[in-house]
Every structure is written in C-alpha cells, then in structure tokens.
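Heads up, the thing below is written out as structure tokens.
As the structure is a computational prediction, the values presented were derived from the model and not from experiment. Ligands are counted one by one from 1 in listed order, and the atoms in each one are counted from 1 as well. Worth knowing before you read on, the calculation uses all heavy atoms, side chains too, and leaves out hydrogens, waters and symmetry mates.
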Amino acid sequence: MKLPRIDVDIGKIAHNIQQLKGLYGSKGIKITAVTKVIGGNPAIASVLVGKDIGILADSRIENIVKMRKSGIQSKFLLLRTPALSQVEEVVAYTDISLNSELVVLQELSKYAIRNKTVHEVILMVELGDLREGIMPLEMNDTVKEVLKLRGLSLMGIGSNFACFGGIGPDEDKINELSSIATNLETKFKIVLTIVSGGNSANYHWFKSSKNVGRINNLRVGESIFLGREALCRTPIQNLYTDAFTLVTEVIESKMKPSKPYGKSYQDANGEIREFKEKGLMNRAILAMGGQDVEVSGIVPRQDVAILGASSDHIVINNTKSNLKVGDTVEFDLNYNALLRALNSSYITKNIININECKNVLQIS
Ligand SMILES: *Cc1c(COP(=O)(O)O)cnc(C)c1O
C-alpha cells in the first residue's frame, strides 16, 4: 500500500467510544462525538453512529456535508460558531449549531423560515477560556431576543474549555453554568434539554465531582480517538491510545557527520540552527515532511530520534535501529498531527480491524 499511510484501527476506536459512553453515562452525561480530527471520514464516522451516538459534531460544514452525502444517519451539530456568510448552508446541512452572536442567530432564523425548517441552537457561555461565548451577564438579554426568533429552537447552553486560554473546568465554573441554565428556565419558563459542559478537557472534573449539576452532555473528540484527556494529555484507563499509526518509508540511510559543515544560513524553515559535533553517525531520511504532518507532534515507536524536517523530508538519528532503505518507521500522533495528517491528500488512510466492528459501512 502507498506510503506514507495511517493505519486506523477501527476496533480500538469502537472500544474507546463504548468505554467513554459507559463512563460518562454513569453520571447521566451523554457524549456527542466530535469528528473534526478525522475530517468527517465516513468510514470512521460510521463506527461512532453504530455505537448509538445521537449527535455527530464537526467544526467544518464541509465535513458534515461529506458525512451526510455518504449516507451517515445522524443528527449533525456545527461546532464552530457560524460565520454570517455561511448561515444558509448551516441551515441546509446541519441540525444544530453552537452560537454566540445575535446577528448570526437572526440570519439563521431568516433562512430557517425560508426553508420551512426549525434549526436548533445551543448558546455558548464564556467561562474564562476566552474563545467563543456570551458573557454570563448578557445571557438573559440574548435569550430574550433568541426566543423571539421564529425558525429557531433554543435547545440548550454550553461552555468550552482548554482551547484558547488553557483554562480547565472546575466545580465553580460548572456550578455557574448549571445555575445559568436553571435561572434561564425559571425566568423564561423554558426547558433547556442540553447543557453541554465541555470537551475532552472535562475528564478530571468529571472523575472528581460527585454532583455533575445540570451537565448532561459533553462534546468529545480527542478521548475517543487518542484515549487521552485534554488538560494534561494523560491516558484514560481502559482506553487505547494507539488507534492510529503513521507509517513512513526510509529513502536514504548513510553514515554522515553529525554537524552540518560549510557557511551557515537559514534552513528550510527560516531558522538558523546550532548543531553539536558528535562525530560520524548513522542517519536516515524518511519520505514525509511538514507538508504531510505536524512533525513536532509525532513520536516514533522505534528507537530513532527526529533530527529535523523540511516540507518533504524528515531526518532521523538511525544509530540504534540501523534501518535500511525501504524499511518503515511507525509513529504515534498527537491531536494536531493527526488532524493534519488525516486531512492530507498525500497520506493513505488504511482502515484495519474492521471485523472487530460490525457497524462499519463499507465506504471510504
Ligand atoms: C473541537 C471541539 C470539541 C472537542 O474537543 P476535544 O478536546 O477533541 O474533545 C468540543 N467543542 C468544541 C466547540 C470544539 O471546537
């Protein structure tokens, strides 16, 4: 099979989602599966649906359209708050969107009325991470306006953590979200069916809290696919952290000096690097580079070390493994590296362990 490639162990992903459903379900929290890291890949997404996940969520409308057109049967939620220029598509292709701007909500309403449909919305509340969200003090005024908009149904409220500011959820922040939900319900005589407390960064809060308050939903991506929580990136018990394997090929293997020689200038990345003299060493080149993957986010499973990379090459210290031309090197990927690699047209996606999972659609 063409290299570089990513082996996607669909059995391990199915296992992870099953475990997470059980874990969060034990305190009444449903998980919405977030598909952005897999670029809406329908074969992988179908496993999530097969595991009875009611809603699939993605930040890109293109990914949602791709999944819909491949026949994935699910409700679809748009995670990135819609741009004004997108509202028509948002109403046409998604069931639910996260929102924080009244002007956008007004436009969503207009197109929902035009399409004779009802678009569901979740209002995001700012709780300190400082990405999307309405300031808590402005929630009452916003909800008052949203309730006047025909074609929209206010499904709930939500918050997001550890994305911009690296701020994690804690008991106080979650209590604040819970009481905002309850106050809105009382004040406006409405029912909020979803209170979405965050993402894979909510794991430690969840484990330590006896009472999850009003939180009945989390939007989870990283923990499903990489088996880790997102505050410290520690592995979650009983989950696989190696469902994805990046495989690439050695195209040169030679004894060479350890320190570049000649007059020194910028490298391909615009940096001037310093190297230590360590004598002759066994070096190898891999046929993959910054164009394919975020090189700083991959970790070799073999005993080799990455020395540097340009757009199409990665140079490794091959002293311990003594790999030859044509040998392969396997890597683990972090979330950003996986995101970019799965969205790279140069990397083959190879779904394995398909028999472990009955619900995979035969589509790719
Ligand atoms: C990406 C994203 C998520 C999922 O985050 P993970 O850390 O992968 O679980 C949840 N909510 C929003 C708004 C997102 O953009």
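The minimum heavy-atom distance linking Arg301 with Phe244 is given by the pair NH2-O, 3.2 Å. Closest approach of Asn16 and Ile224 over heavy atoms only: ND2-O, 3.0 Å.
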Practice task
Could you please spell out the steps behind the salt bridge (Lys or Arg N to Asp or Glu O under 4.0 Å) verdict for Glu145 and Lys148?
Solution key: CA-CA 5 Å; Glu145 293 307 313; Lys148 291 181 197 158; 3.1 Å; yes
Practice task
In sequence, state the C-alpha distance, the side-chain angles, and the governing distance for Lys207 and Glu229, and then conclude on salt bridge (Lys or Arg N to Asp or Glu O under 4.0 Å).
Solution key: CA-CA 11 Å; Lys207 289 289 275 187; Glu229 53 75 37; over 6 Å; no
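A heavy-atom cutoff of 4.0 Å around ligand 1 is satisfied by the protein residues Val34, Lys36, Leu79, Leu98, Arg131, Glu132, Asn160, Asn199, Ser200, Arg219, Val220, Gly221, Glu222, Tyr335.
Taking the ring pair (Phe, Tyr, Trp, His ring centres under 6.0 Å) definition, one finds that Phe206 meets it with Tyr24, sequence neighbours left out.
Under the 4.5 Å side-chain criterion, counting only non-hydrogen atoms from C-beta, Val8 is not in contact with Ile38.
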